[in-house]
Amino acid sequence: MKKTFKISIRELVEFVYKEGSIDVRYQARSSLTIGTKLHQKLQKEYKEGDEKEVFLKGERAVEDIVYQLEGRCDGIHYENGEVIVEEIKSTARTIAQIEEGARVHWAQGECYAYLLAKEKQLKGIGVQLTYIEVESEKTKSFTRTYTMEELQHIVDETLVAYTPFASLILTNQENRIKSIPDLAFPYPTYRKGQKNLAGAVYKTVTESKSLYANAPTGTGKTISTLFPTIKAMERGHSKWFYVTAKTITRTVAEEALILLEREGLSHRTITITAKDKICFQEETICQKEYCEFANGYYDRINGALIDILTQQTIITRPIVETYARKHRVCPFEFSIDLSYLVDGVICDYNYIFDPKVSFKRMSDEGKKKTTLLIDEAHNLVGRGREMYSATLRKSDFLEIKRKYPGYVDLKQRVVEVNKQFLRLKKDKGDDVRNELDAELVDEVQSFVEIAEKYLGEAEGDWSEDFLQLYFDALHFVRISNLFSDEHRFVIDQTPKGIEVKLFCIDPSKLIKQITRSFQSSVFFSATLHPFSYYFQQLGGCEEDYRFLIPSPFEKEQWQVGIHPISTRFKDRERTLSSITRSITAAFNENKGNYLVFFSSYAYMREAFEEMNQDAMNAEFIIQEPNMKEADREKFLNEYQSDRDLPVIGFAVLGGIFSEGIDLKGNRLKGVIVVGVGLPQPSRDHEIIKDYFNERGLNGFDHAYVYPGLNKVFQSGGRLIRSEEDTGVLRLIDDRYLSPKYQSLLLEEWKDYRIIHEKRPLI
């Protein structure tokens, strides 16, 4: 029996015919904005009777596979009884450099022509390949004519080249489908609340809905979301993305997949590692002259893909690196190419939500069969604000003007942008505005276009500063297209000069816009608390499912104490000694390894230096800013249950040690949180406060209290990780006894004792 394989024309021809090297200079990154505009400009010039954006589909059998081919051609011309299919390509290179067009572009037009000729039963048809230069908007066209037999031969030749790959994909797909019906939960029993969570996820995925789940630490969220999502693949849901903000949680997801594989799952997944971390070179310069793995990448990538997908199932960073070195391909681009071919992808939030780096080749139809699993979803609120904001500095443009004085048109574009900065600086209006400044955006757009022209030329040694400014400007233009009532246009005077920011206050609509295009989405965290705040900020709406379960741990596992000492900035000098005595007392009452969290590095350092370390019979370690992975591992490895001297680690709230780490059993005896985690007052936080106040909500809570407490909940959540764990949690701040904070405390922390400092007798 013949098998069917559905594929888009573009995907087919790029696999078979794309060649050459990865080179940032030849990639028009603004194609979504500029390229679409240029296509539309040409299409508006079509004469009456011509067609544009025509969807074509058809079938062609090769060997034992029936290929279902489809795609959207740019245009169809009807001239003197002839039919001509047009394929339009925007290019950052000058059209004078293009002599006959790329084979991959011709193949795309030829395949569209085949589908159209077959549909209309034409004996002959033309293909026109048109290039349009981004900067000048000049065009250059090439036209060829074909018989139906010639086109059929080209299509068959292309499909024959693709068939080994299609056969591999189909075999892996069949094995996956066979393995799912009998797949069992990989543990003998479910934890408290775990089965309910898994059931809620399965219901959500099979009904193509969204779920917001607050599942406290210990629920086993990773396996409780992955297992039902994979089981739902039995019903035609073809793919999932497990997205998170932390490297450690990606490792937990990989471990869960290993357990499912032991239960018989046949499944292929890829973990994507950031480019700057996985790059084999000292500097991340994606040009063939600098990198052997970028040079000729497209000539070798197909062999690498077939090799790894034949041999591997759970494709982690070390596996990607091994095969990338074997085939001499860029490990980052290799993992991105793999992500379109596997069943599951583990990656950072930005690959789904960030307009700078999100997966551009994923089709709308593909998304409609894909589930998003969004781990530690509380982090997506802050990350969303960052991803949907953009900043430009006047000084960065002037630096480029100074570095490249000989490039007249580039210099002119920088001068025009600079004029807009000067205008904004002289303007005595409000520095926080509801409206976008269209004049500035237009000039930045012009700078992007001229920068792309130069990056598209082979000549020119462009600095990292130039590339960074290009990407910043491009992002600024993209965010300007998303600017809405939830944004503010902010003008700021800094020590380095004037800067402007498109600041996203409330990312909820943009997050929802992304998730709505997918088949289903599951937001889950141990600390979606207060739930109403996170539900709104993550785009929740009335038809979405909500799921809240209590902690699976008993209250008796926690020894919670609140020590009412002021940690307010104005009181810190006066109360520092009381705080360090409280830390000492907690340690002496319950000896073991401790983590002590502070709201800032400065506050942490002051307490660290104040502590009488000699009197405590313990080893002290402290978190440093910008710790490398090896230093983080060294810090955590100090937490062993069989130490001669206990360790007391000082860390910052919201930092690398406040979430995603798993110190089970006696590796961690106590957690002490100093303060309530309030962010430092800033222009951005004040804008957030004013925005929510204007909408009749408590702006201070939205800007300061809720984000601060989330850091506290995350840090405290490091303590009890399993049913056997017990430990000490001490919250040092008098605000924890106020009605507001009492109402916001986690349920499992409400059985606390109030600690009073015992003053020594004089």
With salt bridge (charged side-chain N to carboxylate O under 4.0 Å, His left out) as the test, would you mind laying out the steps for K140 and E100 before giving the verdict?
CA-CA 10 Å; K140 190 173 190 177; E100 59 178 357; over 6 Å; no

Is the closest side-chain donor-acceptor distance between [X] and [Y] under 3.5 Å?
X    : Y    : answer
T249 : Y242 : no
T139 : E133 : no
D276 : T284 : no
E333 : S335 : no
T229 : T371 : no
H77  : E86  : yes
E63  : T163 : no
Q152 : Y114 : no
T271 : E254 : yes
Y340 : E11  : no
S208 : S520 : no
S179 : S266 : no

Rounded to the nearest 0.5 Å, what separation is found between the [atom1] atom of [X] and the [atom2] atom of [Y]?
X    : Y    : atom1 : atom2 : value
Y162 : F5   : OH    : CZ    : 4.0 Å
Q519 : T204 : CD    : OG1   : 10.0 Å
Q108 : S8   : CD    : OG    : 8.5 Å
I346 : T251 : CD1   : OG1   : 8.5 Å
K239 : M233 : NZ    : CE    : 8.0 Å
L197 : T225 : CG    : OG1   : 7.0 Å

Side chain to side chain contact (heavy atoms under 4.5 Å, CB included) assessment of C73 paired with L116
CA-CA 10 Å; C73 76; L116 183 64; over 6 Å; no

[atom1] of [X]: more than 12 outside heavy atoms within 6.0 angstrom?
X    : atom1 : answer
R546 : CZ    : yes
K123 : NZ    : no
K203 : NZ    : no
K44  : NZ    : no

Counting distance only, does the side-chain N/O of [X] pair as donor-acceptor with the main-chain N or O of [Y] below 3.5 Å?
X    : Y    : answer
T4   : V66  : no
K47  : E79  : no
Q312 : L309 : no

Is the NZ or CZ atom of K18 both under 6.0 Å from the centre of the six-membered ring of Y298 and within 45° of that ring's axis?
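Relative to the ring axis of Y298, which defines the angle, K18 lies inside both limits.
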
Please test Y297 against D337 for side chain to side chain donor-acceptor pair (under 3.5 Å), starting from the C-alpha separation and ending with a verdict.
CA-CA 12 Å; Y297 173 86; D337 283 336; 2.7 Å; yes

Within the 6.0 Å centroid threshold, strictly below: [X] and [Y]:
X    : Y    : value
F15  : F165 : yes
F185 : Y190 : yes
H105 : Y17  : no

Classify the ring geometry between H267 and W240 as parallel (under 30°), tilted (30 to 60°) or perpendicular (over 60°).
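Plane angle under 30°, so parallel.
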
Between T171 and Q173, is a side chain to side chain donor-acceptor pair (under 3.5 Å) present by the stated rule, with each step listed?
CA-CA 5 Å; T171 300; Q173 201 175 73; over 6 Å; no

Within the 4.5 Å heavy-atom criterion, are [X] and [Y] side-chain neighbours or not?
X    : Y    : answer
I306 : L168 : yes
S224 : V201 : no
I230 : L257 : yes
T269 : V342 : no
F241 : I352 : yes

Shortest non-hydrogen separation from [X] to [Y] and the atoms involved:
X    : Y    : answer
P228 : A198 : CB-O, 3.3 Å
L538 : I511 : O-CG2, 3.5 Å
T206 : A232 : CG2-CB, 4.0 Å
F142 : E99  : CE2-O, 3.0 Å
T143 : W106 : N-CH2, 4.2 Å
L260 : L183 : O-CD1, 3.6 Å

In terms of side-chain geometry, is the basic nitrogen of [X] or [Y] positioned less than 4.0 Å from the acidic oxygen of its partner?
X    : Y    : value
E119 : K57  : no
D156 : R60  : yes
E59  : K118 : no
R317 : E321 : yes
E87  : K89  : yes
D343 : R176 : yes
D348 : R383 : yes

Just do the salt bridge (charged side-chain N to carboxylate O under 4.0 Å, His left out) check on K178 and E174 with the steps written out, would you?
CA-CA 6 Å; K178 286 177 189 173; E174 287 169 9; 5.1 Å; no

Qualifying salt bridge (charged side-chain N to carboxylate O under 4.0 Å, His left out) pairs, either residue in residues 291-314, two or more places apart
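Non-adjacent pairs meeting salt bridge (charged side-chain N to carboxylate O under 4.0 Å, His left out): D307-K326.
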
Working for salt bridge (charged side-chain N to carboxylate O under 4.0 Å, His left out), residues R478 and D354
CA-CA 11 Å; R478 284 175 176 159; D354 192 337; over 6 Å; no

Full working for side chain to side chain donor-acceptor pair (under 3.5 Å) between T219 and Q194:
CA-CA 6 Å; T219 307; Q194 195 172 33; over 6 Å; no

Go through the steps for Q43 and E53 under the test side chain to side chain donor-acceptor pair (under 3.5 Å), then give the verdict.
CA-CA 9 Å; Q43 289 167 338; E53 300 298 327; 2.9 Å; yes

